[in-house]
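Quick notes on the structure that follows.
Position 1 is the first residue of the sequence; numbering continues from there. We count ligands from 1, going down the list as the structure has it; atoms in each ligand are counted the same way.
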Amino acid sequence: MTEMQTMTEAPKRVFIRTYGCQMNVYDSDRMADALAPHGYEPTQELAEADLVLLNTCHIREKASEKVFSELGRLKELQGEKRAAGGDLMIGVAGCVAQAEGEEIARRAPVVDMVFGPQAYHRLPDMLARAQNQRHMHPSLRRAVIDTDFPEEDKFAHLPPARKDVTVARGLTAFLTVQEGCDKFCSFCVVPYTRGAEVSRPVAQVLDEARRLVDAGVKEITLLGQNVNAYHGVDAAGRDVGLGELAFLLAEIAGLERLRYTTSHPRDMDDGLIAAHRDLPLLMPYLHLPVQSGSDRILKAMNRKHTAAEYLALIERIKSARPDMALSGDFIVGFPGETDADFEDTLRIIRDTGYASAYSFKYSTRPGTPGATLDDQVPEPVKTERLARLQELVNQQTTAFHASCVGRTLPVLIERVGRMPGQVGGRSPYLQAVHLEGAVELIGGIHEVEIIGTSTNSLVGRLRSAAAA
Ligand code: SAH
Ligand code: SF4
Ligand code: F3S
């Protein structure tokens, strides 16, 4: 590592803005952890930052355009800081950086560093190199670009968070166990921005989970672009799937809840379904995107399964865990999608019954097979289909919330509520729950009777103080 800052100097401030999925949220914390030994403290105040990192998302067109407009604003801020005798370093990380490294440096010369998700352990070193550039004549300055997929294990080189930092991050934590994707759905950039599927070794995952629980974390969400494709090796060199990993994590005393996201229907194997049947800590809420209900479109999307296979899979999962609540992702307006195809999508939503779902208009991503397909769907058609789909999903979400009224659910109380005297937490089905209660309840799992619903959340009443 490079000595760029001695600990005797005043701390510098890093502001990290996160776009995109939970994996980026996890990665932003890892970047903060990597910078901490070099004297950088995180800040939520852009104005006091010495370093700004944009952790970007490339999944849809608007996601990357946001980054360029943000860079425009940062250029102004940098100008103001320089006029006042200060300075601001700017780094672009994440999936836009990975996909468009050189292009970002060309289009936005204000950027000091551009680096992809596989390079975060090299961040302190990049920062030192970028600082050296500051001593060069402006005409010779170049952004430091690192978008290689390294041979070494990034995770083995990233320092763990300080315990006080993990404590401050709260009762729930993300833990990336798998990165990258080999599926190559024809609409999706992820295989290009995150690279091939790689799973972290079992011991590394268990170590990180133990450290989190030791710092007070009660609920861990395992992350991966295709988390259920996890295949880590254990100490004996054996291949361990996500189901078996869940059984190993369940042995950690103090870990109360386990979740994972995002899963691909093709990787939902018997071991994982068995874990849902046998492990009470594995929460009955599954994000299992299907994207479309039309077999023709599923084929064109390269999803490699049919609508009927998806529905049969849901049946199998529900017979193992009858109260399983489902969530999904949908794309409307994939090239060639007809009214009949779209009706098939509405039908699979009705047949499945979702507790929640995310839906998007198809966005053409350069470099993906979908981008070259004829028969792109006109924008107004996409808009109309998206509205109809979201109306159906909203009805289902409302019905699901309403079906919880009268039930008593274990709620992990995480925070004080919006109103004085209230606390808030999450049900097993990831619903926000608000109730009257003392702050002492925070950190425990409590039996809460659901007495009503409000927009996007449940209202509850404490039944017992017994923690699970
Ligand atoms: N690995 C996950 C999805 C990761 S991307 C899976 O296979 O399900 C998150 C979601 O973004 C996808 O499920 C999809 O619904 C949406 N998405 C991805 N590419 C898109 C595109 N080009 N246009 C619109 N939505 C897209
Ligand atoms: Fe993208 Fe498909 Fe991989 Fe999901 S499975 S990340 S949608 S290519
Ligand atoms: Fe976006 Fe990259 Fe996640 S493209 S959705 S940040 S994997």
Side-chain angles (χ1 to χ4, degrees), residues 17-28 31 54-67 92-100 116-118 120 147 174 176 178-198 223-230 260-268 286-293 297-298 300-305 310 313 326-335 337 345 349 354 356-373 376-377 379 382 385-386 389-390 393:
R17 177 157 287 160
T18 310
Y19 303 84
C21 62
Q22 289 107 325
M23 303 206 55
N24 266 12
V25 175
Y26 177 85
D27 287 346
S28 290
M31 285 191 259
L54 302 182
N55 192 6
T56 63
C57 174
H58 201 48
I59 201 83
R60 285 169 289 277
E61 200 175 328
K62 278 191 194 129
S64 35
E65 278 316 308
K66 272 190 218 153
V67 175
V92 180
C95 291
V96 180
Q98 185 63 48
E100 299 188 1
Q118 302 309 324
Y120 295 160
T147 50
F174 291 138
T176 294
Q178 180 280 340
E179 274 200 282
C181 183
D182 296 341
K183 294 281 191 295
F184 291 92
C185 300
S186 59
F187 51 82
C188 183
V189 290
V190 170
Y192 312 96
T193 63
R194 292 276 176 165
E197 273 177 28
V198 182
L223 298 181
Q225 266 87 27
N226 257 322
V227 72
N228 60 346
Y230 177 84
Y260 57 92
T261 197
T262 293
S263 299
H264 192 291
R266 296 259 306 173
D267 293 314
M268 210 63 217
L286 178 62
H287 186 61
L288 195 63
V290 66
Q291 316 294 353
S292 167
I297 296 297
L298 284 170
M301 286 177 163
N302 196 30
R303 292 292 288 185
K304 299 203 173 81
H305 64 77
Y310 180 82
L313 174 61
L326 290 152
S327 107
D329 290 344
F330 294 92
I331 295 177
V332 299
F334 185 81
E337 185 187 76
T345 299
I349 294 174
Y354 288 95
S356 74
Y358 303 89
S359 47
F360 315 97
K361 291 183 203 174
Y362 171 69
S363 168
T364 311
R365 305 315 286 138
T368 62
T372 55
L373 293 176
Q376 298 283 335
V377 174
E379 193 61 25
K382 289 185 195 173
R385 287 180 187 168
L386 187 70
L389 190 156
Q390 289 183 339
V393 168

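- Only the side chain of Phe187 comes within contact range of ligand 2, with a heavy atom under 4.0 Å; no backbone atom does.
- Residue, atom and distance of the protein heavy atom nearest to atom 1 (Fe) of ligand 2 are Cys188 SG, 2.3 Å.
- Under a 4.0 Å N-O distance rule, the pair Lys183/Glu197 qualifies as a salt bridge.
- Using a 4.5 Å heavy-atom cutoff, the side chains of Thr262 and Gln225 are not in contact.
- Inside a 4.0 Å radius of atom 4 (C) of ligand 1 there is not any protein heavy atom.
- With atom 8 (O) of ligand 1 as the reference point, the heavy atom nearest to it among Pro289, Gly328, Gly333 is part of Pro289.
- For Ser363, heavy-atom contacts with ligand 1 shorter than 4.0 Å involve the backbone as well as the side chain.
- Of the protein's heavy atoms, Asp329 OD2, 3.4 Å lies nearest to atom 10 (C) of ligand 1.
- For atom 3 (Fe) of ligand 2, the closest non-hydrogen atom of the protein is Cys181 SG, 2.2 Å.
- A donor-acceptor pair under 3.5 Å is absent between the side-chain atoms of Glu179 and the main chain of Thr176, judged by distance alone.
- For ligand 2, the atoms sitting less than 4.0 Å from at least one non-hydrogen atom of Lys183 are 3 (Fe), 5 (S), numbered in the order shown with element in parentheses.
- A salt bridge does not link Arg194 to Asp182: none of the charged nitrogens lies less than 4.0 Å from a carboxylate oxygen.
- A distance-only check finds a donor-acceptor pair linking the side chain of Lys382 to the backbone of Tyr362 [under 3.5 Å].
- When heavy-atom distances to ligand 1 are checked against a 4.0 Å cut-off, Phe187 comes that close through both its backbone and its side chain.
- Residues Val198 and Gln178 form no side-chain contact, since every pair of their non-hydrogen atoms from C-beta on lies 4.5 Å or further apart.
- Nearest protein heavy-atom neighbour of atom 2 (Fe) of ligand 3: Cys95 SG, 2.2 Å.
- Counting the atoms of ligand 2 from 1 in the order shown, those under 4.0 Å from a heavy atom of His264 are 5 (S).
- Looking at Pro289 against ligand 2, nothing comes within 4.0 Å, counting heavy atoms.
- The Ile59 neighbourhood of ligand 1 comprises atoms 5 (S), 11 (O), 17 (N), 18 (C), 19 (N), 20 (C), 21 (C), 22 (N), with distances under 4.0 Å to a heavy atom of that residue.
- Taking atom 3 (Fe) of ligand 3 as the reference point, the nearest protein heavy-atom neighbour is Cys21 SG, 2.3 Å.
- Against a heavy-atom cut-off of under 4.0 Å, Cys185 is close to the following atoms of ligand 2: 2 (Fe), 5 (S), 7 (S), 8 (S).
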Item to complete: Go through the steps to decide whether Asn55 and Ser28 satisfy the test side chain to side chain donor-acceptor pair (under 3.5 Å), and finish with yes or no.
Response: CA-CA 7 Å; Asn55 192 6; Ser28 290; 3.0 Å; yes

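- Scanning the protein for heavy atoms near atom 15 (O) of ligand 1, the closest one is Gln291 OE1, 2.7 Å.
- You'll find the side chain of Leu373 reaches within 4.5 Å of the side chain of Phe334, heavy atoms only.
- The proximity of Arg60 to ligand 1, defined as any non-hydrogen pair under 4.0 Å, is limited to the side chain.
- Without hydrogens or angle criteria, Tyr120 side chain to Gly94 main chain gives a donor-acceptor distance under 3.5 Å.
- Within the structure, ligand 1 lacks Val190 among the residues with a heavy atom less than 4.0 angstrom away.
- Just one residue in the list Phe187, Tyr358, Tyr354 forms a ring-ring contact (aromatic ring centres under 6.0 Å, His included) with Phe330, and that residue is Tyr354.
- When the options Ile59, Ile331, Val190 are ranked by their closest heavy atom to atom 6 (S) of ligand 2, first place goes to Val190.
- The closest approach between any non-hydrogen atom of His58 and ligand 3 is below 4.0 Å.
- Ranking the protein heavy atoms by distance from atom 7 (S) of ligand 3 puts Gln225 NE2, 3.2 Å first.
- Between the Ser64 side chain and the Val96 main chain, no donor and acceptor come within less than 3.5 Å of each other.
- The minimum heavy-atom distance linking Pro289 with Ser263 is given by the pair CD-O, 3.2 Å.
- Of all the listed residues (Gln291, Arg303, Arg266), Arg303 holds the heavy atom that lies closest to atom 4 (Fe) of ligand 2.
- Within the 4.0 Å heavy-atom criterion, neither part of Val189 lies near ligand 2.
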Worksheet entry | Audit row: Arg365, Glu61, side chain to side chain contact (heavy atoms under 4.5 Å, CB included) steps and yes/no | CA-CA 7 Å; Arg365 305 315 286 138; Glu61 200 175 328; 3.7 Å; yes

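- Considering backbone and side-chain atoms alike, His264 places every N or O at 3.5 Å or more from each N or O of ligand 1.
- A donor and an acceptor atom, one from each side chain of His287 and Thr261, are nowhere located under 3.5 Å apart.
- Contact annotation for Gln225 and ligand 1: only backbone heavy atoms (N, CA, C, O) come within less than 4.0 Å of the ligand.
- Each of the following atoms of ligand 3 lies closer than 4.0 Å to a heavy atom of Asn24: 6 (S).
- Between Lys361 and ligand 1 there is a heavy-atom distance shorter than 4.0 Å.
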Worksheet item: For Ser359 and Gln390, what are the C-alpha separation, side-chain angles and deciding distance, and is it a side chain to side chain donor-acceptor pair (under 3.5 Å)?
Response: CA-CA 7 Å; Ser359 47; Gln390 289 183 339; 2.9 Å; yes

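- Every N/O-N/O distance between Thr262 and ligand 1 stays at or above 3.5 Å.
- Proximity of Met23 to ligand 3, defined as any heavy-atom pair under 4.0 Å, is not found for any part of the residue.
- For atom 1 (Fe) of ligand 3, the nearest non-hydrogen atom of the protein is Cys57 SG, 2.4 Å.
- Using cut-offs of 30° and 60° for the angle between ring planes, the His305 and Tyr310 rings count as parallel.
- Under the 4.0 angstrom criterion for non-hydrogen atoms, Arg303 is in contact with ligand 1.
- For the residue pair Pro265 and Leu313, the shortest heavy atom distance occurs at O-CD2, 3.5 Å.
- Residue Ile331 forms a side-chain contact (heavy atoms from CB on, under 4.5 Å) with just one option from Lys361, Glu337, Gln291, and that option is Gln291.
- Within the listing of ligand 2, atoms 8 (S) sit less than 4.0 angstrom from a heavy atom of Pro191.
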